[in-house]
Amino acid sequence: VSLSEIHLKNFKSFKDTKLKIPLGFTAIVGPNGSGKSNIVDGICFVLGKTSPRSLRADRFKDLITYYRGKRAEYAEVTLFFDNRDRRIPVDGDRVGISRKVKLKGENNYYLIWYQGEVERRRKIRKSEVIDIFSRLSLGGERLNIILQGDVTKIVEMSPKERRKLLDEIS
Amino acid sequence: VSLSEIHLKNFKSFKDTKLKIPLGFTAIVGPNGSGKSNIVDGICFVLGKTSPRSLRADRFKDLITYYRGKRAEYAEVTLFFDNRDRRIPVDGDRVGISRKVKLKGENNYYLIWYQGEVERRRKIRKSEVIDIFSRLSLGGERLNIILQGDVTKIVEMSPKERRKLLDEIS
Amino acid sequence: KKEVFMEIFKKVSKNFQEIYRSIGGRGRLRLENPEDPFQGGLLIDASPQNKKLQSLDMMSGGEKSLTALAFLFAIQRLTPAPFYVLDEVDATLDAKNASLIGDMIKNASRDSQFIVISHREQMISKADTLYGVYMENGISKVVGIKLDSEEG
Amino acid sequence: KKEVFMEIFKKVSKNFQEIYRSIGGRGRLRLENPEDPFQGGLLIDASPQNKKLQSLDMMSGGEKSLTALAFLFAIQRLTPAPFYVLDEVDATLDAKNASLIGDMIKNASRDSQFIVISHREQMISKADTLYGVYMENGISKVVGIKLDSEEG
Ligand SMILES: Nc1ncnc2c1ncn2[C@@H]1O[C@H](COP(=O)(O)OP(=O)(O)OP(=O)(O)O)[C@@H](O)[C@H]1O
Ligand SMILES: Nc1ncnc2c1ncn2[C@@H]1O[C@H](COP(=O)(O)OP(=O)(O)OP(=O)(O)O)[C@@H](O)[C@H]1O
Ligand SMILES: [Mg+2]
Ligand SMILES: [Mg+2]
């Protein structure tokens, strides 16, 4: 399984952006404040981060794009995976996992797959999402996402917390 | 008054280094771990930092150079000032303020001045040092030293703490 | 006491607005309690690159560093300390902003000495004097790389 | 359970030693309680640039980042996750180490996708694909700067 695309809709400073992620080494550059770390927040959002603070927002509603004095209705981020190896237990080559938060407060996850050209989606529980990601060694306390300014946290965490990183792999 | 020289003797990774500081903009470069931030710790040490932790050491004795399995007897850092404008209340063009910590635990400050070519020094109390520096708007909670990784602290401190920075100037 | 404080506050605010404009945005300082400043704190409102005015929390890493440095220079312009030591304050800045802050330090270094540690070319190239630190068998040594003309 | 853990620990330790040697130093992982690993934690002993083995606290900013990244790659080599996201992990590195970490990411990107945000030339130049983010009237946009050959 590999990540193939990130869709950000009304998420922070992104109104409607699709980012193809090829295999290998992808670099993202840009001026200060242009929105690079917001992409990382989007990925963490789908992976199940529970607190808005960990997404650099006071409340979930702050994640929804604020533009020209108005906030959009909802924010949605989708991670599309190349699932040809079927490591995600869904019968489809292209599978998406998305999270949507509405201004009114709803906060749901969706599974997206394709039958031919037709996109299908169904709401799934957060526990199912966490389970799918943990089989892929994604999310949780794993080291696969290092936030800006956080790189030395691995060295600064307690020996017990560090050992737990190895427990996750066992 | 201006800073004219920094002397580091057995201070962290510096055995015996004299650094001339001219007027204007001085940059210090070098590989990771070569000792650049240790110079900053040396300056903070003389300016009166009370906790070893704020000098990136567990105890004061960790500030003393450890080399080939042996720790030196003492560490000493001296800041020399060009005092031609006599803003430091001492009759001398070149005045030094130094701090020395011994392996056995003594921790003293010294005032250094010159009569002709002869160097004179006398022990002074910490409160006298703090007083000299605060007349020069140095030390204390002022912003004139930004430690590595600390630049955003000004933005992250509480509004009250920020106001206190202006109190210091009044 | 209050008059002296308000005088300082007005001057630093004016400096902050000017400096913030030169880094491309709008910034201002506000008192929580203008009637009795000692009862409240000092607020920073800033909108980098002319975005809407936002809370400091929502800023990016680089925007926070810029805002912090603008505040530092606003105070330095009013009451310059003899010297400033800045240890890798440009670590989160993009190339343009690292160069901009380098220029600001160069300007400010007319009134105060600046000792700046940096790995960034945009900063180092603006210095009058350049020292290199290296380690040999666990001991740090310093060598002058570029010394100002008077140093010889 | 303990056997599985010890198997993993041995392999990650070996990786960590190898990786640390390639960044110029000696590093090793140790268990606080080897008899019953779940009662204790995991210690990192490391001496960058062949200085004496020192506690992590005494390291410089750059040395801490290098040690942390060596640990991350040691785990990635054993059980590569599908993708990794690294946001300015090279901010405190000097030019040589930024380039070294760029090479490591390039190597590791054979087994996992790496999405890396950086302002440093030594890192960016090693990427297969390069995206630029910019802001227009407060809204972020993305443009492809360098796309890998297959992308066309
Ligand atoms: N809900 C929102 N609506 C609109 N804009 C937002 C929202 N939330 C955050 N932003 C904007 O996103 C910007 C921060 O972006 P981000 O942190 O991604 O920058 P960056 O590219 O990582 O910069 P740096 O290089 O300094 O780290 C802020 O300036 C803020 O204005
Ligand atoms: N008492 C001591 N005796 C000998 N060496 C010491 C002592 N205390 C600290 N050191 C050494 O100083 C080094 C750290 O130096 P410093 O933090 O100044 O590096 P730096 O040049 O700022 O690096 P960076 O660019 O990564 O920030 C450590 O590697 C440590 O070995
Ligand atoms: Mg960022
Ligand atoms: Mg340093």
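Computed from a predicted model, the values in this text were never measured in an experiment. Chain A is the first sequence line, chain B the second, and so forth, proteins listed ahead of strands; every chain is numbered from 1.
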Are the side chain of [X] and the backbone N or O of [Y] linked by a donor-acceptor pair below 3.5 Å?
{"X": "Tyr131(C)", "Y": "Lys20(B)", "answer": "yes"}
{"X": "Arg163(B)", "Y": "Gly40(C)", "answer": "yes"}
{"X": "Asp128(C)", "Y": "Phe25(B)", "answer": "yes"}

Gap separating the [atom1] atom of [X] from the [atom2] atom of [Y], nearest 0.5 angstrom:
{"X": "Ile43(B)", "Y": "Ile115(C)", "atom1": "CD1", "atom2": "CD1", "answer": "4.5 Å"}
{"X": "Ile169(B)", "Y": "Thr79(C)", "atom1": "CD1", "atom2": "OG1", "answer": "4.0 Å"}
{"X": "His119(C)", "Y": "Asn32(B)", "atom1": "NE2", "atom2": "CG", "answer": "4.5 Å"}
{"X": "Leu56(C)", "Y": "Ile154(B)", "atom1": "CG", "atom2": "CD1", "answer": "11.5 Å"}
{"X": "Leu42(C)", "Y": "Met157(B)", "atom1": "CG", "atom2": "CE", "answer": "10.0 Å"}
{"X": "Phe114(C)", "Y": "Asn144(B)", "atom1": "CZ", "atom2": "CG", "answer": "9.5 Å"}

Count the heavy atoms belonging to other residues, nucleotides or ligands that lie under 6.0 Å from [atom1] of [X], then report whether that count exceeds 12.
{"X": "Glu128(B)", "atom1": "CD", "value": "yes"}
{"X": "Lys126(B)", "atom1": "NZ", "value": "yes"}
{"X": "Arg84(B)", "atom1": "CZ", "value": "no"}

- Query: Is any side-chain heavy atom of Phe14(B) less than 4.5 Å from a side-chain heavy atom of Val142(C)?
  - Reply: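 Counting from C-beta outward, Phe14(B) and Val142(C) do come under 4.5 Å.
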Distance-minimising heavy-atom pair for [X] and [Y]:
{"X": "Ile21(B)", "Y": "Gln113(C)", "answer": "O-NE2, 3.4 Å"}
{"X": "Gln39(C)", "Y": "Lys160(B)", "answer": "O-NZ, 3.5 Å"}
{"X": "Leu72(C)", "Y": "Leu143(B)", "answer": "CD1-O, 3.2 Å"}
{"X": "Ser34(B)", "Y": "Ser140(C)", "answer": "O-OG, 2.5 Å"}

I'd like to know which of [options] tops the heavy-atom pair count under 4.5 Å against chain B.
{"options": "Pro80(C), Ala81(C), Gly61(C)", "value": "Ala81(C)"}
{"options": "Leu31(C), Val116(C), Ile124(C)", "value": "Val116(C)"}
{"options": "Pro82(C), Ala108(C), Gly132(C), Ser65(C)", "value": "Pro82(C)"}
{"options": "Ile105(C), Asp111(C), Leu29(C), Val12(C)", "value": "Ile105(C)"}
{"options": "Leu69(C), Asn137(C), Val4(C), Leu78(C)", "value": "Asn137(C)"}

| request: Count the heavy-atom pairs under 4.5 Å between each of Asn38(B), Ile146(B), Asp150(B), Thr26(B) and chain C, then report the option with the highest count. | output: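 It is Thr26(B).
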Of the listed residues (Leu147(B), Thr17(B), Leu19(B), Leu165(B)), which shares the most heavy-atom pairs with chain C below a 4.5 Å separation?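 Winner by heavy-atom pair count: Leu19(B).
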Under a 4.5 Å heavy-atom cut-off, does chain C meet the side chain of [X], its backbone, both or neither?
{"X": "Phe81(B)", "value": "side chain"}
{"X": "Ile145(B)", "value": "both"}
{"X": "Ser2(B)", "value": "both"}
{"X": "Ile39(B)", "value": "side chain"}
{"X": "Arg142(B)", "value": "neither"}
{"X": "Thr65(B)", "value": "side chain"}
{"X": "Asp167(B)", "value": "both"}

- Query: Which is it for Leu138(B) and Phe83(C) under the side chain to side chain contact (heavy atoms under 4.5 Å, CB included) test, yes or no, and what are the steps along the way?
  - Reply: CA-CA 8 Å; Leu138(B) 291 174; Phe83(C) 68 86; 3.7 Å; yes
Is the shortest distance from a Lys or Arg side-chain nitrogen in Glu156(B) or Lys64(C) to a carboxylate oxygen in the other one below 4.0 Å?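 Counted as a salt bridge, because a side-chain N and a carboxylate O are separated by less than 4.0 Å.
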Can you name the one residue among Val133(C), Ile145(C), Ile117(C) that meets side-chain contact (heavy atoms from CB on, under 4.5 Å) with Val29(B)?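 Exactly one candidate clears the test, Ile145(C).
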